[in-house]
Amino acid sequence: MDKISKRVNAMPFSGIRKFFDLVGERKDIISLGVGEPDFPTPEPIKDAAIRAIENDQTSYTSNYGLLELRQKISEKLKKKNNITADPKSEILVTVGVSEALDLATRAVLNPGDEVLVPDPGYVSYKANVWFAYAEPVSIPTKEEDGFRVMPEEIKKRITKKTKAIIISSPANPTGSVLSKKDLEEIADLCIEHDLVALSDEIYEVLIYDDEKHISIGSLNGMEDRTITLNGFSKAAAFTGWRVGYAAGRAEYIEAMMKIHQYTMLCAPSIAQYGVLESFSHEEYVRDMVKEYDRRRRLLVKGLNEIPNISCITPKGAFYAFPNITQTGMSSEKFAQRLLDEGKVAAVPGNSFGKCGEGHIRCAYCVSREDINEALGRIDGFVKKL
Ligand code: PLP
């Protein structure tokens, strides 16, 4: 008897996890590895969650999530994303974007459907498609295009089986941001080929210079075929609170809700009360984004001063994706030796797909002091090679 499902067996563990098991608790390492804010959750939000406990607001909420929270999300979607979503039937509060992604793929896909995913891309995209018994199809991206997914690359990979596309902007691991024109061309392809867009917008507010975040769900003809996925983990320093949401037409949200009600019931009530408070404290997020921007500039400038390393300037998220091909090493070898000899942890780019080979992902979720120290160590490591 096969004890474990063939699908599950066939999916390897995330390359990030594998790598970070090696880092463990080592104190001599500077980690540019983990993609999570180093800031604490802002005080008023913590206070709101503590109040929720004190007021015994600790029971299950509606399966859809607190109605007040859905109303806030709906207002935010209207004001900032130009998306209309009825708080009663078109928004589902989830356990992070992670759950929203899982529900969306399971609700939409049939066995054998193909889903287009960016390469390199966030590690969970392929895995979620796969666990929904569908087939992920990589859309290769290139450094010279700023790692944006190019409509012509999408077009080449659309077949009769293509059901959906995952849009990720700003993106992990590259920090790429899709322009309005890119999104309009992708939207045209979705409409022409009847595709559903699953749009992961978790890094929406982490965007720099003059870039502007556009939601594909706001474009003409996309309102009925987009599920917008977003959450609070990254922008509001909330990763452990586990709250996200999905917004889309009622037929999608209802189908997702069916799975959610049998598997999760609801997102944690205490965390939902905390998130509700975050809508009144956007100033914290603005300050965090300013600090990420300073770190981004420092890191990218420093990386470009190191021999045999080059780094394009990421436009969003909190990742730089330097090119290390001139060192002659594979991403994995480079990251392993950098860890052992240079005492800096970064994620090998191939963990995010074939097109990530030749790169490492450096998250700038550490202080500027640590970034300077890490740059010095990387420089010393590369010069000794
Ligand atoms: N989407 C992207 C692109 C991410 O990088 C991550 C976390 O790293 C997630 C989703 C998961 O988000 P959440 O913490 O809301 O589950």
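The figures that follow rest on heavy atoms only: side chains count, while hydrogens, waters and symmetry mates do not. Numbering of ligands and ligand atoms starts at 1, following listing order. All values reported here derive from a predicted model rather than from experimental measurement.
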Can you find a heavy atom in the side chain of Trp241 that is under 4.5 Å from one in the side chain of Phe232? no
Which protein N or O atoms sit under 3.5 Å from any N or O of ligand 1? Give each pair with its distance.
residue, atom, partner, partner atom, Å
ligand 1, 1 (N), Asp200, OD2, 2.6
ligand 1, 5 (O), Asn172, ND2, 2.8
ligand 1, 5 (O), Tyr203, OH, 2.7
ligand 1, 8 (O), Lys234, NZ, 2.7
ligand 1, 14 (O), Ser233, OG, 2.7
ligand 1, 14 (O), Arg242, NH1, 2.8
ligand 1, 15 (O), Val97, N, 2.7
ligand 1, 15 (O), Ser233, OG, 3.2
ligand 1, 16 (O), Val97, N, 3.2
ligand 1, 16 (O), Ser98, N, 3.0
ligand 1, 16 (O), Ser98, OG, 2.5
ligand 1, 16 (O), Arg242, NH2, 2.8

Output yes when Lys384 and Glu341 qualify as a salt bridge under the 4.0 Å nitrogen-oxygen rule, no when they do not. no
Would you call the rings of His359 and Phe321 parallel, tilted or perpendicular, taking 30° and 60° as the class edges? parallel
Results of side chain to side chain donor-acceptor pair (under 3.5 Å) for Asp287 - residues two or more places apart only: none
Does either side chain, that of Tyr319 or that of Tyr203, offer a donor lying less than 3.5 Å from an acceptor on the other one? yes
Can you establish whether the number of heavy atoms outside Asn220 located under 6.0 Å from its atom CG is more than 12? no
